[in-house]
Structures are given as structure tokens and as C-alpha cells.
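Residue numbering restarts at 1 for every chain, and letters A, B, ... go by the order of the sequence lines.
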Protein chains: 4
Amino acid sequence: MVRTIIFGVTGYTGVELVRLLASHPDAMIAGGSSRQWAGKKASEIFPSLRGGYDFVLSTADDLQGVRADVAFLALPHGESARFVRPLLDSGLKVIDLSADCRLHDPQMYREWYGPHQDPEILARAVYGLPEIHRKEIAQASLAANPGCYPTSVILGVAPLMTQNLADTSVVIADSKSGISGAGRGSKLTTSFCEAGEGFKPYGILRHRHIPEMEQELSLLKGDRVRVRFSPHLIPVSRGMVSTIYLPLKGPTTAEVIRERYETFYSAEPFVQALPAGALPDTLQVRGANACHIAVEVDDRTGILVVVSALDNLTKGASGNAVQNMNIMMGLNETAGLMGLPLFP
Amino acid sequence: MVRTIIFGVTGYTGVELVRLLASHPDAMIAGGSSRQWAGKKASEIFPSLRGGYDFVLSTADDLQGVRADVAFLALPHGESARFVRPLLDSGLKVIDLSADCRLHDPQMYREWYGPHQDPEILARAVYGLPEIHRKEIAQASLAANPGCYPTSVILGVAPLMTQNLADTSVVIADSKSGISGAGRGSKLTTSFCEAGEGFKPYGILRHRHIPEMEQELSLLKGDRVRVRFSPHLIPVSRGMVSTIYLPLKGPTTAEVIRERYETFYSAEPFVQALPAGALPDTLQVRGANACHIAVEVDDRTGILVVVSALDNLTKGASGNAVQNMNIMMGLNETAGLMGLPLFP
Amino acid sequence: MVRTIIFGVTGYTGVELVRLLASHPDAMIAGGSSRQWAGKKASEIFPSLRGGYDFVLSTADDLQGVRADVAFLALPHGESARFVRPLLDSGLKVIDLSADCRLHDPQMYREWYGPHQDPEILARAVYGLPEIHRKEIAQASLAANPGCYPTSVILGVAPLMTQNLADTSVVIADSKSGISGAGRGSKLTTSFCEAGEGFKPYGILRHRHIPEMEQELSLLKGDRVRVRFSPHLIPVSRGMVSTIYLPLKGPTTAEVIRERYETFYSAEPFVQALPAGALPDTLQVRGANACHIAVEVDDRTGILVVVSALDNLTKGASGNAVQNMNIMMGLNETAGLMGLPLFP
Amino acid sequence: MVRTIIFGVTGYTGVELVRLLASHPDAMIAGGSSRQWAGKKASEIFPSLRGGYDFVLSTADDLQGVRADVAFLALPHGESARFVRPLLDSGLKVIDLSADCRLHDPQMYREWYGPHQDPEILARAVYGLPEIHRKEIAQASLAANPGCYPTSVILGVAPLMTQNLADTSVVIADSKSGISGAGRGSKLTTSFCEAGEGFKPYGILRHRHIPEMEQELSLLKGDRVRVRFSPHLIPVSRGMVSTIYLPLKGPTTAEVIRERYETFYSAEPFVQALPAGALPDTLQVRGANACHIAVEVDDRTGILVVVSALDNLTKGASGNAVQNMNIMMGLNETAGLMGLPLFP
């Protein structure tokens with residue numbers, strides 16, 4: 001039984017880790033920290049835990065002393081970094097859900113996020129997107145769990161990056177995210193009355209997930225890729241759709257592209273290339289560790305549109321983190337992750 | 001042209017006053033205060049005002065110096081009271097949307113809200129529910145605009161209080177409110193992710209609107225009435241339904257009761273007694289100064305159920321406040337208030 | 001491995017059965033029927049099944065020929081009854097999620113639903129609410145899975161029926177349900193634009209779940225109980241709250257009542273009596289086979305209010321049906337049902 | 001007083017026309033047709049009309065005989081065309097909210113919509129987007145009210161079409177619409193449970209609004225423009241955002257672009273070019289005849305992003321139609337259209 005500890009367990013990615021690990025056949029939760037509620041029982045904060053999985057919330061410092069095999073850092077960026085090295089030094093595998101370990105280039109981190117608390121750990125981290133880096137993850141002690149937007153965009157275009165089907169040097173990604181992506185907290189902009197019956201963009205062309213997408217897509221392409229990225233808020237708790245635009249390089253058909261996607265993802269348990277006629281819907285992946293992808297082609301205007309959908313808290317965060325844990329600990333990669341989505 | 005000033009104009013009842021007054025034929029906004037945004041233009045906070053109605057937000061203290069005929073206090077309870085007397089002394093009519101002037105009994109206020117800042121104003125206030133107190137309102141300088149729940153409950157049972165059709169000495173009111181009723185602010189419980197795809201009760205049997213309902217229903221009945229009141233949060237911005245249970249006093253039919261309601265409200269422009277077969281729906285009153293009421297009778301179990309629906313920000317707050325203004329200033333009572341609901 | 005077949009697998013309770021059975025350790029789906037989509041693969045209708053659980057949809061008639069141990073009837077009332085006897089005759093255990101087997105009295109069925117297709121099966125059915133009828137269920141071949149409203153109301157007041165704490169002869173139940181309770185189909189009243197940003201009652205005092213509640217509560221009390229029942233539609237997919245009003249029989253405290261509830265449900269894995277200060281929230285049970293119950297007492301007005309919350313598709317339908325299967329087949333009662341809710 | 005008749009008054013654009021015309025100072029509704037509910041009073045279908053505006057619904061044929069100055073056709077495409085010529089022949093001004101008069105080229109109509117019932121009327125129609133065609137509209141007897149998506153996209157890029165700031169020959173428009181855009185009707189895909197807590201694309205690259213956008217943008221540019229268009233469904237009733245991507249032609253700044261927009265729209269009462277730092281939000285235009293536009297520039301990737309927001313039923317349909325009526329009848333263009341949005 002793999003023993004896990006979760007830093008920041010009362011945030012939304014933390015709670016989602018609890019949901020997934022509670023039904024994981026080979027892992028258990030040995031402890032969780034909460035800055036706000038340390039000392040209370042988890043079930044006092046989340047009544048859903050009553051009668052089932054429960055544990056006392058601790059401080060992050062106390063949690064470091066708990067015997068465990070794997071640590072999940074479900075903390076905001078900037079707060080995660082300082083825990084990484086001590087945990088690694090204690091022999092734990094570390095999976096960081098914040099942005100603190102995702103960028104290989106410390107200078108890039110500084111540009112987009114500000115000073116890094118421990119830039120040397122960047123070199124020790126593997127970018128934890130299993131569909132792209134499965135082998136490195138299996139060897140790694142530190143996995144930087146991808147951002148939700150990057151997961152949806154990278155999985156969306158990965159099959160094309162080494163092909164000559166579309167121009168992948170500049171990627172337009174128009175993304176829409178459920179509100180849980182903004183984290184658990186009290187902000188006017190994500191209050192029900194300001195976000196609940198509306199739709200709005202934010203951070204157009206400036207979102208911090210951009211460098212992460214560019215890093216990974218450039219690696220895949222073997223050449224520099226730039227991303228034009230516009231995020232929007234959907235009035236739902238969970239769900240993410242990225243609609244991606246790539247100019248075709250020449251006449252082709254959707255069938256050719258779809259075949260490429262099916263081949264690329266044929267062995268992947270969590271990525272589905274949808275058949276002709278189907279388009280993704282966040283309701284079909286809600287709560288599941290799944291990413292659905294469809295492609296459409298318009299020869300008339302020479303464009304390829306890719307649409308990918310996932311649950312920003314599951315395949316976009318905690319589900320993917322458990323997938324990383326499975327790989328890093330030599331477990332079955334799908335263990336605890338085959339749950340079907342909550343529909344409707 | 002009636003000149004109005006609005007204290008707390010950037011809260012939800014304040015914004016709703018702006019919406020209604022902006023298209024009022026006989027009134028205008030001479031100024032508005034905002035603790036948080038004083039000094040900014042209103043359109044900077046509410047882009048919806050761009051290109052139309054706009055004004056500079058002031059402090060509450062500065063606003064007291066603006067020449068005006070009517071002051072709306074759209075402030076939280078406890079913050080309203082201190083402005084009432086100075087404004088009255090300056091010759092303005094005052095309409096207080098907070099709870100600070102609603103209870104006639106200072107002791108009652110203290111029990112449910114705590115110390116009152118100026119208890120003597122209670123004696124000068126009229127309870128501003130026009131369907132019940134129209135004549136006093138016409139004579140008043142100070143109207144205490146009712147709470148949203150009390151409006152829905154009082155209008156729901158007023159036609160029965162002097163009748164012998166049902167036992168009205170103890171009223172069960174099960175109410176459901178849109179989230180804007182909680183005010184504009186950043187609270188975890190009203191954030192989208194905690195309130196947006198769920199439904200939950202709060203303040204069961206303890207809500208501060210209870211004494212106000214009991215005061216008014218007792219006055220109507222001429223005898224003591226007690227209210228068993230349970231509020232719940234609906235995941236919508238606007239809308240309120242109160243489902244009210246009253247034991248029948250003897251065999252009767254829904255037709256008899258409906259006729260009573262139709263008679264009672266026949267001259268009311270803003271209250272509709274629905275015909276047999278129709279039940280209220282908050283979507284039919286969204287944004288309108290309207291209250292829809294239906295009654296159902298079950299002889300089998302001897303119960304009368306009244307369902308009333310209104311928009312908590314309009315007939316439940318700011319629309320009713322404008323109605324009060326119209327009456328107090330001798331305007332046509334329906335002026336500026338005949339707008340149809342936003343459907344869908 | 002228990003082999004199950006699901007009639008009406010593409011409706012919402014059918015899909016929920018698939019979700020639960022897909023991760024059940026001791027059961028599997030041997031087939032499912034769909035009137036509309038027979039012949040297609042389930043994953044064509046529900047893309048969420050792609051890459052995981054999939055099967056070909058059959059007609060109901062064909063499904064009867066599939067070898068299985070348990071049949072779930074996830075059909076509308078009136079359509080279920082004709083399958084019951086043949087399936088029982090073939091030796092299957094039958095769990096009927098429709099209303100066709102719930103009422104013991106054929107005359108009562110006729111009054112509320114119309115003619116019954118096979119009234120003799122009523123005598124062979126056990127009312128499938130495990131917290132009340134666990135022992136009979138264990139012996140039964142045919143379980144009538146309760147309606148969602150009855151489950152929330154019966155569990156809500158069961159601990160009081162044999163006590164002298166409150167008057168339980170007439171129960172007022174004000175219930176609110178997510179829209180999936182209306183079934184999968186295209187109706188104007190449950191379209192997004194007519195139901196999505198509003199709140200409305202329906203079927204006040206006339207809902208067909210009333211006789212079922214009265215039957216079971218009368219059995220529990222050992223005397224006739226009548227229910228005054230008002231259902232409403234919440235603009236969420238899943239979730240149900242019943243707010244129940246019972247007059248106190250004399251002075252008591254919430255503590256006494258809570259203690260009674262805790263005792264009554266202490267051994268129940270799926271019912272939680274919440275502690276003082278906590279109120280149920282549908283978000284804490286979404287997708288979980290759980291019912292959360294809180295009680296509040298108001299000595300001032302002599303009332304006891306019970307609030308129960310559950311997911312109408314899980315503990316209110318398919319989760320409870322799987323619980324019945326577990327009991328009927330001698331499996332661990334909690335097998336496949338310990339999944340935590342989807343929060344947020 | 002301008003007398004208006006509305007064909008298809010019980011659909012969503014019809015109801016919205018009623019809402020707007022009911023408070024119009026210079027226009028009145030002389031009648032409305034409804035295929036489904038002819039013979040009933042409008043208030044039976046829309047209880048919101050009780051106590052205010054009401055009228056008897058007629059058949060479309062009967063409505064043609066009602067004396068009026070202006071006819072609004074709020075019918076589905078294909079059903080509108082046959083009424084146009086008779087109404088024009090009777091001397092009415094006609095405003096067609098369907099697609100039947102929007103395309104100048106009959107061949108284009110046939111390609112995207114199928115056979116046209118009266119292709120000769122195409123030549124008599126003016127494209128009714130006042131910000132672009134105000135002068136022709138003032139002279140016209142027949143205005144083709146634009147589609148909601150085209151309005152948001154055309155207004156979004158119109159200021160750039162004659163400039164050398166960005167490459168406008170191929171426009172990528174990623175649009176998101178509230179569900180009322182799908183019309184009033186019972187479809188599984190727009191039922192609450194299938195659309196209410198999710199987000200999904202539809203008609204990627206194939207939507208029928210494409211030729212309309214291309215026609216108008218080509219006219220503005222004086223050269224062929226093609227549009228790559230992807231629509232999505234937002235789980236709200238009303239609201240539309242188009243996020244538009246145009247490659248920069250050279251180094252420029254957002255300030256330069258914003259200045260261009262402010263100049264272009266400076267005299268427009270219903271279009272607001274937002275200042276730096278502001279992004280549109282559908283909640284700020286809900287129910288208002290307004291379009292808010294923001295621009296962002298990224299020199300790093302050489303892209304200009306325009307975001308436009310409007311209410312698909314108001315500026316995207318019925319509000320714009322009333323604006324056309326005002327212009328065609330020589331009324332003040334803003335008459336009846338200055339209502340502020342419903343916020344929150």
C-alpha cells in the first residue's frame with residue numbers, strides 16, 4: 001500500500017486527490033495539511049467524508065514528519081517550492097501540482113511568476129504529462145504536474161507536432177475553464193452572482209500557462225513554438241474545452257487527421273480521439289481522468305480545428321497526479337482512475 | 001424631476017436602484033456613495049453604465065451634502081441607522097432598504113440584530129410594504145423597505161389573516177432565495193463552486209427576517225402570529241419562492257381561496273393571484289416589480305399551500321423601494337416599474 | 001461475479017447504474033436495453049464509455065434472453081411491470097426502479113397511477129429501502145426501489161415514528177429536486193432556458209410519490225400517517241433536499257433529537273446524522289450513495305425541522321438499487337458504493 | 001404611435017420583442033401570432049404579462065390582416081420568406097429576424113440553407129446592422145435583422161477592415177452563445193441536464209452564420225474575406241462572446257488599436273469600445289441593447305485579439321430589430337432601448 005501525504009488538502013485539487021485516493025486499490029492517505037483548518041478533522045470541513053474516509057488535518061510542517069512514500073503538493077505556486085527539496089531528501093517521491101517545478105528555465109519562471117524560492121529543483125523535475133513523458137516519469141523522483149490548460153492544449157496538438165499536416169509553429173488556443181480552476185477562495189469575480197449566469201474572458205494573451213505550453217510544444221516539435229492563448233470562465237464548477245486553430249499546410253481531409261490522432265493515442269487509456277460526427281462535451285468527462293479530442297477540417301479556409309475537453313480537476317490536475325504516482329511507484333497506470341464520469 | 005441619492009450604490013440593491021431609476025420618467029439619480037470605490041466613475045465599476053447613465057461615486061459623508069429629495073439607504077443593517085436622522089432633518093424623504101427601521105420594538109431589534117445605533121427613529125418609520133400600508137407610506141418621511149423574505153411571505157398570506165379559512169396563528173414558511181440575497185461580497189459559501197451546482201438550507205428557524213414577519217402578520221391578524229421559517233439558497237442570482245403551509249379550518253375548496261386572493265389583490269398593479277392550474281415561477285418575475293401567488297388546497301390532509309414568487313432584488317428590495325418613493329412623492333405608483341421580466 | 005442486465009440503460013438512472021456497476025468489484029453488466037438506440041454501442045450514446053466499459057444496446061425483448069443473475073428495471077412506471085414476472089420466473093432477482101412494485105395496495109396504485117399491468121406482482125415485492133427493510137430485502141426476489149422523494153422523506157423522519165417527541169401523524173414535506181429527476185427527455189419545462197435560471201414548484205399536494213410515503217411511514221408508526229407534500233425543481237442536474245416540519249409534542253432540545261438520530265443511524269453506512277451546527281448541502285452528496293440529515297428545534301414556535309439531502313440519482317435511485325442488489329445477492333452491502341461525492 | 005405586429009411572438013425573440021416594445025414610448029403591439037397557442041391570451045403562455053401588457057394570440061394568417069405599420073418576423077428560417085412580399089405589398093415595413101433575407105446571393109442561400117421560398121425578396125432587403133448600414137436602413141422597407149453571431153463578429157472587426165493594422169482577409173472567430181440562441185423548443189441537447197453543467201462546441205466550421213459574416217466583412221473590406229468560425233454553447237440563457245484572432249501586420253500597440261475602435265464607435269449609442277484593463281462580460285450586457293468590445297495585442301506572437309460581448313436576444317436579435325424599426329420609422333434611434341442590463 002503506497003502511503004501518500006497531501007499538502008493543501010482542503011483546496012479543490014486537494015479534495016479531488018482525496019476523492020480519487022479514497023477508492024484507489026493500492027494507495028492510502030497518511031495525512032493532509034491545511035493552513036486554515038489544521039487541527040480539525042477533515043470531515044468537519046467536508047461532510048462528505050463522514051462515515052468513510054477521515055483524518056485529522058495537520059500543518060504543513062507537521063505533515064513533513066509523517067511517514068509516507070509519495071507527497072502531493074496541492075498548494076498555490078510560490079508556496080510549493082520550499083517543500084520539494086526536504087521531501088525529496090527524505091526519500092519521498094514528490095508530485096507538485098503547482099507551477100513551481102514545471103518550467104525548465106529559471107529565467108522563464110522569473111519572467112512569468114517572479115522569483116523562485118528554490119530554482120535548483122527545476123533541473124530535477126520531469127514534466128508530468130504521462131502521454132508525452134511516461135518513461136522519464138517512471139524514473140523520476142519529482143514530477144511537475146501540468147497546468148490544466150497546458151494539458152488540454154498539449155494533448156490537443158501533440159499528434160501534429162512532428163507531422164507536416166498543419167503549421168504548428170504558432171498555435172492559437174481559445175480555452176474555456178470551469179470556475180474551480182480559480183481555486184478555492186472568496187473572490188468577487190468568482191462569486192456566484194458575478195460568474196454564475198455569465199461568461200467572460202480573462203488574462204487574454206497573458207496567462208501564466210503560456211510558457212509551459214510553449215516549452216512542451218517546442219520540445220515536441222523540435223523547434224520553437226509560440227502560443228496565442230485566450231482563457232475564459234465557464235459558469236460550471238468543472239470542465240475545460242480548448243479550441244485550437246492551426247492553418248493547414250495543404251489540402252487534406254479530416255479523415256487523414258483523425259487517423260493520425262487515433263494512431264497516436266491508440267495505446268493511451270485516458271485519451272480518446274473521437275470519431276467523425278462527434279464533438280467533445282465536458283459533461284462526458286466530468287470527474288473522469290479523461291481527455292476527449294475531436295478534429296474538424298475546413299479546406300475552404302484552410303484551417304484545422306482541434307477541440308479537446310477534460311475535467312480541469314481530474315485529468316487537468318489531480319487525476320493526472322494520481323496517474324503520475326501510479327507510474328512513479330510502479331503500479332498499474334490506470335489503478336484508481338477508471339471511474340466513469342458523473343453524467344448528468 | 002425627483003432628485004434621488006443612493007447610499008451603497010455599488011451593492012446589488014444599489015445597482016438595481018440605478019437600473020430602475022435610470023428609466024424612471026420622473027426621477028433621476030443625483031449621486032451615489034460607495035465605501036470601496038468612492039472617487040471612481042460608476043461606469044468603471046459597472047461597465048453597463050458606459051454610454052448611458054454615469055456619475056462619480058462619492059463617500060457617504062459627501063453624499064449627505066448633495067441636494068436631493070429622496071435618499072435610498074442600500075446599506076447593510078447597522079450601517080444605515082446613523083444616516084436616517086440627519087437626512088430627515090435635512091428635509092429628505094428616506095427609504096431604508098436595510099433592517100434598521102423595520103421593527104417597531106427596539107427590544108426586538110436588539111434581540112435579533114444587537115444594539116441599535118439610533119432606536120428613536122424606529123417610531124418615525126412606516127413599514128414600507130405598499131400593498132399593506134399604502135396610506136401611511138403616502139404620509140411618511142421614512143419608509144422601512146421590507147426584507148425580501150417578509151415581502152414574499154406577508155403578501156402570500158395577507159388575504160387570509162382576517163378570514164376564517166385557515167389557521168393563521170402559526171405560519172410555516174419554507175423559502176428559497178437566489179444568491180444575490182446574500183449581498184455583494186466575497187464569501188466562500190456564496191462562491192460559484194460552493195453554491196453554484198447545489199442547494200442548501202441556512203439559518204433554519206433562526207433567520208433575522210422572522211420578527212419582521214411576525215410583527216406585520218400579527219398586525220394584520222389583530223392577534224399574535226408566529227412564523228416557523230426555513231430559508232434555502234437557490235443556485236440562481238435572482239428569484240425567491242416561499243411555500244407556505246396553513247392548516248384549513250374546515251372543508252373548503254381552492255376556488256374559494258383563489259377568489260379571496262383575487263378580490264384582495266384586484267386593485268394591486270404588482271401582485272397577481274394566479275388562476276387554477278398555474279404555479280409561480282421565478283423566471284416569470286425576474287427583474288420585474290411583481291409578485292405571483294398561487295394557492296392549492298388538499299382536503300384529504302386539511303392543508304392550504306400558498307406559493308409566492310418574486311425577484312428578491314426587485315419587488316423584494318429595490319423595485320419596492322421605488323414604489324415607496326412614488327407613493328411618498330405623489331407620483332404615479334407604477335411609474336418606472338412596469339418593465340416586463342427578463343425571460344428567459 | 002454477479003451478472004446484471006439493465007432495462008432502460010440510456011435513461012439517467014440507467015446511466016447511473018452503469019457508472020456504479022462499472023467500478024463494482026463483484027458485479028458486471030451483461031447487457032442493457034434502449035428503446036431508442038438498440039443496435040448501437042453504448043459508447044456511441046455516451047462517449048464517456050469510450051476506452052472503458054462498453055457494450056451493444058439491445059431491445060428489451062432480446063435482453064430478457066441474456067444470461068444474468070440480477071435485472072434492473074430502469075424504465076418509466078407502467079413500462080416496468082410486464083417484465084417483472086418473466087424475469088422472476090427465469091430465476092433472476094429483480095430490482096425495479098419504477099413505481100410499478102412500490103405500493104402494496106393495487107387499489108392505491110390505480111388511484112394514483114392508473115391501471116396496473118400485473119397487479120399480482122405487488123404482493124411479491126419488498127419495498128427496497130435497506131435502512132428500513134434490510135431483512136426482507138435479503139430474502140426477496142423482487143425489490144421495489146423507492147422513489148427519490150420518499151427516500152429523502154422516510155429516512156428523514158424514520159427515527160421519530162415510534163417516539164413521542166413530535167406529532168408524526170401528519171408530515172409536511174417541502175422537497176426540492178434536481179432536474180434529472182424528471183427523466184431524460186425533451187420537455188419544454190425542463191429545457192435549459194425554462195428551468196435553468198429559475199426555481200418553481202410543481203405538482204403541489206398531488207405528486208405520485210405521496211402514497212408511497214404514506215404507506216411506509218404508516219407501517220413505521222403502526223398507525224395512519226398522512227403527508228402534505230410540495231415538490232420544487234432546483235436548477236441543478238442532481239440533488240434533493242427535503243425540509244420536513246413536525247410539531248413538537250412538548251418541550252425538548254435539538255440535542256435530544258440529534259441523539260435519537262445518531263442512535264438510529266449509528267450502524268448505517270450511508271446515512272449520516274449531522275452534528276449541531278451543520279446543515280446538509282447537496283454538493284456534499286453529489287454522486288455518492290449518501291443521505292445527510294440535520295435537525296433543528298424551535299421551542300418558541302414548537303416545531304421540529306428535519307432537513308435531509310441526497311443525490312436523487314444515487315441514494316435516491318441507482319445507488320440504492322445497487323445497495324439492494326448487494327443485499328439480495330449476499331455481497332458486502334457497501335461494495336461498489338463507497339465512492340466519495342464529486343465536490344465541487 | 002407606431003403599430004407593430006409580431007409573427008412568432010411566443011418564441012424567445014418574439015417574447016423579447018414584447019418586453020422591449022411594451023416599454024417603448026412610440027410603438028405598440030397590435031397583434032402577435034403563435035402556431036402552437038393561437039386563440040389563447042398571451043398572458044396564459046407568459047404569466048409575466050398578467051396585469052400589464054396582454055393580447056390574444058392569432059394565427060399567422062389572421063395576423064396579416066391586422067392594421068399595422070411594422071411587421072416583425074420572429075420565425076425560423078424557411079418560414080419567414082413567404083410573409084415578406086405580402087406584407088411589403090400591404091405597405092408595411094418588414095423586419096425579418098430569420099435568415100431568409102440576409103444573403104444577397106440566392107445561390108449562397110441555397111448552398112447553406114436549401115431552396116429559398118421567394119428568392120426575389122433578397123434584392124429588396126437591406127442588411128439590418130445599423131452601425132454599418134444605417135443610411136440604407138433608413139430608406140428601406142425590408143430589413144434583414146442580422147444573426148447573433150454575425151453581429152458580434154462584424155461589430156468586433158468592422159473598425160479594422162479598411163485599416164492596415166491587421167490581416168483581415170481570414171478571420172478566426174471563436175464564439176460562445178447562451179442557450180436561448182437555439183430557440184424555444186424541446187431538444188435533448190438543450191435540456192437542462194445535457195446542457196446545464198457542461199460546455200460543448202457544435203457546428204465547428206459549418207455554422208450557417210458563416211456566409212452572412214463573409215458577405216458583410218467582404219463588403220466592408222472591399223475584398224474577399226473568409227471566416228473560420230467555431231460556435232460553442234454556454235450554460236446560460238443569454239449572452240454571447242466572440243473571441244476573434246487577427247494576425248498583426250506589423251508592430252503596433254493595443255493603444256493604437258483601441259483608439260481606432262473608440263473613434264469608429266464614438267457616435268454609436270449601443271457599442272462600447274472598452275478602455276485598457278477592461279474585458280467584456282456578458283453579465284454587463286444582459287438584457288441590454290449593447291455590444292462591448294475589447295482589444296488585446298501580443299507583439300511577441302504578432303496577434304490581435306478582439307473580444308466582443310452582447311446579449312444574443314437583445315443586440316443579437318430583438319433589440320437590434322427595434323433599433324431598425326426606430327430608424328425605418330424615423331423615430332429616435334435609441335427610443336425604448338436605453339434600459340440598463342439586468343445585473344446580477
Engineer: So which of Q284(D), Q272(D), H292(D), R286(D) actually passes side-chain hydrogen bond (donor to acceptor under 3.5 Å, both in side chains) with S48(B)?
Structural biologist: Q284(D)
Engineer: From F46(D) CZ over to L283(B) CG, what is the distance, rounded to the nearest 0.5 angstrom?
Structural biologist: 11.5 Å
Engineer: To check you understand the geometry: which heavy-atom pair defines the closest contact between S237(D) and P344(B), and what is its length?
Structural biologist: CB-C, 4.1 Å
Engineer: State, with a plain yes or no, whether a side-chain heavy atom of V285(D) is found less than 4.5 Å away from one of P47(B).
Structural biologist: no
Engineer: Is it the backbone or the side chain of L313(B) that comes under 4.5 Å from a heavy atom of chain D, or both, or neither?
Structural biologist: side chain
Engineer: Below 4.5 Å from any heavy atom of chain B, which atoms of A288(D) appear? Answer side chain, backbone, both or neither.
Structural biologist: neither
Engineer: Can you say whether R238(D) sits under 4.5 Å from chain B via the side chain, the backbone, both, or neither, judging by heavy atoms?
Structural biologist: side chain
Engineer: Under 4.5 Å heavy-atom distance to chain B, tell me which part of S23(D) shows up: side chain, backbone, both or neither.
Structural biologist: neither
Engineer: Who wins among L342(B), V271(B), D281(B) for the most heavy-atom pairs under 4.5 Å with chain D?
Structural biologist: L342(B)
Engineer: Go through the atoms of V18(B) and report whether side chain, backbone, both or neither lie under 4.5 Å from a heavy atom of chain D.
Structural biologist: both
Engineer: Given 3.5 Å as the limit, does a donor-acceptor pair link the side chain of R50(D) with the main chain of A273(B), or not?
Structural biologist: yes
Engineer: So which of E268(D), R184(D), E197(D) has the biggest tally of heavy-atom pairs under 4.5 Å with chain B?
Structural biologist: E197(D)
Engineer: Given heavy-atom pairs under 4.5 angstrom as the criterion, report whether the side chain, backbone, both or neither of L20(D) touches chain B.
Structural biologist: neither
Engineer: Heavy-atom cut-off 4.5 Å, strictly under: side chain, backbone, both or neither for A22(B) against chain D?
Structural biologist: side chain
Engineer: Take atom CD of E262(B) as the centre, draw a 6.0 Å sphere, and report whether it contains more than 12 heavy atoms from other residues, nucleotides or ligands.
Structural biologist: yes
